[in-house]
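Worksheet for the structure shown next.
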Amino acid sequence: IDVAAGERQAALKSGKVPDHARDRAILYQIAQTSNTPKTKAAALAPLLADAQRRGVFAAMARVVAPLVAELQPSQDLQSFAADAARVLLVTGHAAEAKPWIDLAHQPALRLVADLARPANPPGGASSANAPSVPDSSSRNEAIKALASSHAGVSPGQADLLVALFSALGDKRGSFDFTRLLRPAHEGTFPDAALWLDQRQAAASGRVGETVLTSLLRASAGDRLTSEPVVLARVVAGLEAVGLDTDARSLAVEAAIAAGI
């Protein structure tokens, strides 16, 4: 699109989350053409904030991942570190996300990286650049921190993380559930036939049927469902038919969609 220099400067200076498609296009154009890391990050940050608000972070992450990959972690970009880590995690680049996670100083992001990492890597090997796997105590501390801050939001995030780790069958540590107990809430769930069909398909090893019913169960309109119980069942079903990589990718996407 044709953008006047004044429009570009105004978009960067305002720092506001874009409200219209043209605003998003301007920010993307700035990020794409800028050779200055701080300017690139300054354009990407509101673009990603808007995507998170609209429930399309994963889709936007796939669009901007090549631009994020051009950036190198540094103290000048610390405010963008968490966003960079989320983009790289949700697009399957956990190793590249590690230095950004370290720079962000957000323990919850280490948990998201842990979701992406198989409990037993092929051949028992592990990459030196891959995010380290938290032990049970550090994982519990990170989840406790989520459960005790920003009442009404973070407890739900902690609940989701516990559900996802459980669905993936991780046995690396136990959780203190007492901090996560909350009153029951209303939610949107698939009908019983779909719920049981996916469960039976997964138990019988019917891969195609499991994938199809899992896709239907994971959807809430045009978005990924936010219900921990539903997401856990979907992830567990994919894991049961040998689709570990897909199960972990979905778990990462769900965690990031929840704002973690």
Side-chain angles (χ1 to χ4, degrees), residues 12 14-18 24 27-28 30-31 34 36-117 129-134 138-139 141-161 164-165 224 226 248-260:
L12 277 178
S14 70
K16 293 181 180 178
V17 175
R24 291 190 284 272
L27 288 170
Y28 179 78
I30 294 171
S34 176
T36 306
K38 289 188 70 173
T39 301
K40 192 182 291 287
L44 288 171
L47 202 57
L48 291 167
D50 167 70
Q52 183 71 39
R53 180 184 63 179
R54 294 186 295 119
V56 294
F57 187 93
M60 181 59 72
R62 293 181 179 95
V63 172
V64 303
L67 303 180
V68 173
E70 295 174 4
L71 299 172
Q72 296 299 318
S74 69
Q75 288 300 319
D76 287 343
L77 299 181
Q78 185 170 19
S79 62
F80 182 67
D83 279 337
R86 293 184 183 102
V87 167
L88 293 168
L89 285 170
V90 85
T91 54
H93 299 94
E96 291 80 359
K98 182 182 183 301
W100 290 106
I101 293 172
D102 293 339
L103 183 61
H105 300 302
Q106 293 187 18
L109 284 176
R110 298 185 186 279
L111 294 173
V112 179
D114 194 18
L115 286 172
R117 182 187 179 104
N129 294 323
S132 58
V133 179
S138 62
R139 178 186 291 172
E141 287 306 311
I143 291 178
K144 286 177 184 178
L146 276 178
S148 62
S149 64
H150 306 300
V153 178
S154 290
Q157 294 174 337
D159 190 37
L160 174 62
L161 284 171
L164 292 173
F165 278 118
L224 186 66
S226 60
R248 290 184 177 275
S249 294
L250 178 61
V252 169
E253 182 174 338
I256 291 175
I260 300 174

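Note on D102 versus R110: salt bridge recorded, some NZ/NE/NH1/NH2 to OD/OE distance being below 4.0 Å.
Within the 4.5 Å cutoff, the side chain of L164 has no heavy atoms near those of the V252 side chain. A heavy-atom distance below 4.5 Å is not found between the side chains of W100 and L109. P37 places a side-chain heavy atom less than 4.5 Å from the side chain of L77. In this structure, the side chains of L250 and L224 come closer than 4.5 Å at one or more pairs of heavy atoms. L111 has its side chain out of reach of Q106: every pair of non-hydrogen atoms, C-beta onward, lies at least 4.5 Å apart. The shortest side-chain heavy-atom distance between L44 and D83 does not fall under the 4.5 Å cut-off. At a threshold of 4.5 Å between non-hydrogen side-chain atoms, the residues L48 and F80 count as touching. In this structure the side chain of Q75 reaches within 4.5 angstrom of the side chain of L103, judged on heavy atoms.
Interatomic distance, L160 CG to I260 CD1, rounded to the nearest 0.5 Å: 5.0 Å. Rounded to the nearest 0.5 Å, atoms CG (L47) and CZ (F57) are 10.0 Å apart. Distance check: L71 CG to L88 CG gives 9.5 Å after rounding to the nearest 0.5 Å.
The shortest non-hydrogen separation linking A82 to A104 is N-CB, 3.8 Å. Pairing each heavy atom of M60 with each of A51, the nearest pair is CB-CB, 3.5 Å. Annotation for P46 and V17: closest pair O-CG1, 4.1 Å, computed over non-hydrogen atoms. Closest non-hydrogen pair, L115 versus A255, comes out as CD1-CB, 4.0 Å.
Between V87 and the choices V63, V68, L67, the side-chain contact (heavy atoms from CB on, under 4.5 Å) rule is met once, by V68. Results of the salt bridge (Lys or Arg N to Asp or Glu O under 4.0 Å) test with E253 over R86, R62, R248 single out R62 as the only residue that passes.
Under a 3.5 Å cut-off, the side chain of Q52 and the backbone N or O of A257 do form a donor-acceptor pair. No donor-acceptor pair closer than 3.5 Å links the side chain of T36 to the backbone N or O of K38.
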Residue pair D114, R117: steps toward the salt bridge (charged side-chain N to carboxylate O under 4.0 Å, His left out) verdict
CA-CA 5 Å; D114 194 18; R117 182 187 179 104; 5.9 Å; no
